[in-house]
Amino acid sequence: MQEILLTISRKLGSLRDVQWFRAWAYRIATREAVRHAQRLKRMPMSLDADALDNIPAREDVRFDVDILEELPAMITSLSPASQLVVRMHYLEGMTHSEVAEALELSLGTVKSRLAYGLGLLRTRLQTRT
């Protein structure tokens with residue numbers, strides 16, 4: 001993370017429009033993350049179950065635990081293009097325009113990849129019941 005922040009600070013001079021800072025920085029971070037993932041491709045990462053035990057539960061919200069457990073695998077099973085757009089929009093909270101700028105795609109392409117990914121997730125959730 002520190003390396004990414006350092007890279008962003010070094011490249012600030014190449015930022016054309018300040019309003020796109022978030023998308024621009026996200027693009028740099030994404031590229032670095034992809035490079036890092038390629039280096040670690042053969043080393044699978046696992047979630048620490050002890051860390052999950054420390055998260056306080058909210059009594060007012062009810063989720064189907066089985067769906068929550070399957071959702072990361074379902075997202076991972078999407079095509080890489082749809083997976084990235086779904087993660088950026090829903091997990092990172094980026095707007096369609098920010099995702100388009102970060103990935104250097106047209107807004108229509110972002111929307112279609114998002115719709116395709118969500119459609120597959122909906123279908124898989126409906127067929128599992």
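Position 1 is the first residue of the sequence, and the numbers go up from there. Keep in mind that the numbers below use all heavy atoms, side chains included, and drop hydrogens, waters and symmetry copies.
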Visitor: Can you name the nearest heavy-atom pair linking Ala23 to Ala102, along with the distance?
Guide: O-CB, 3.3 Å
Visitor: Taking the side chain as every heavy atom from C-beta outward, state whether Glu3 and Glu32 have any pair of such atoms under 4.5 Å apart.
Guide: no
Visitor: Hey, are Arg27 and Glu104 close enough for a salt bridge, meaning a charged N less than 4.0 Å from a carboxylate O?
Guide: yes
Visitor: Between Arg87 and Leu78, is the side-chain contact (heavy atoms from CB on, under 4.5 Å) condition met? List the steps.
Guide: CA-CA 11 Å; Arg87 288 180 188 276; Leu78 296 174; over 6 Å; no
Visitor: Do any N or O atoms from the side chain of Thr109 and from the backbone of Leu105 form a donor-acceptor pair under 3.5 angstrom?
Guide: no
Visitor: Could you tell me which non-hydrogen atom of Leu121 sits nearest to which non-hydrogen atom of Ile75, and how far apart they are?
Guide: CD2-N, 4.0 Å
Visitor: I would like to know whether Trp24 and Leu12 meet side-chain contact (heavy atoms from CB on, under 4.5 Å); could you show each step before the answer?
Guide: CA-CA 10 Å; Trp24 174 82; Leu12 270 175; 4.0 Å; yes
Visitor: Would Val99 end up clustered with Ile8 when hydrophobic side chains under 4.5 Å apart are linked, directly or stepwise?
Guide: no
Visitor: Tell me whether Glu98 contacts the main-chain N or O of Thr95 through its side chain, where contact means a donor paired with an acceptor under 3.5 Å.
Guide: yes
Visitor: Verify the cluster assignment for Leu5 and Leu15: are they in a single hydrophobic cluster under the rule of side-chain heavy atoms below 4.5 Å apart?
Guide: no
Visitor: Closer than 3.5 angstrom, by distance alone: can the side chain of Ser82 be matched with the main-chain N or O of Arg113 as a donor-acceptor pair?
Guide: yes
Visitor: Spell out, yes or no, whether Leu107 and Met94 are grouped together once hydrophobic residues are joined by side-chain heavy atoms under 4.5 Å, including indirect joins.
Guide: no
Visitor: Heavy atoms only: give me the nearest Thr76-Gln83 pair and the separation to one decimal.
Guide: O-NE2, 3.1 Å
Visitor: Do Leu125 and Met74 come within less than 4.5 Å of each other through their side chains, counting heavy atoms only?
Guide: yes
Visitor: Between CG of Leu103 and CZ of Arg31, what distance do you get to the nearest 0.5 Å?
Guide: 9.5 Å
Visitor: Would you check if Met88 and Tyr26 make a side-chain contact, meaning some heavy-atom pair closer than 4.5 Å?
Guide: yes
Visitor: Mind listing the closest non-hydrogen atom pair of Val85 and Val110 along with its distance?
Guide: CG1-O, 3.7 Å
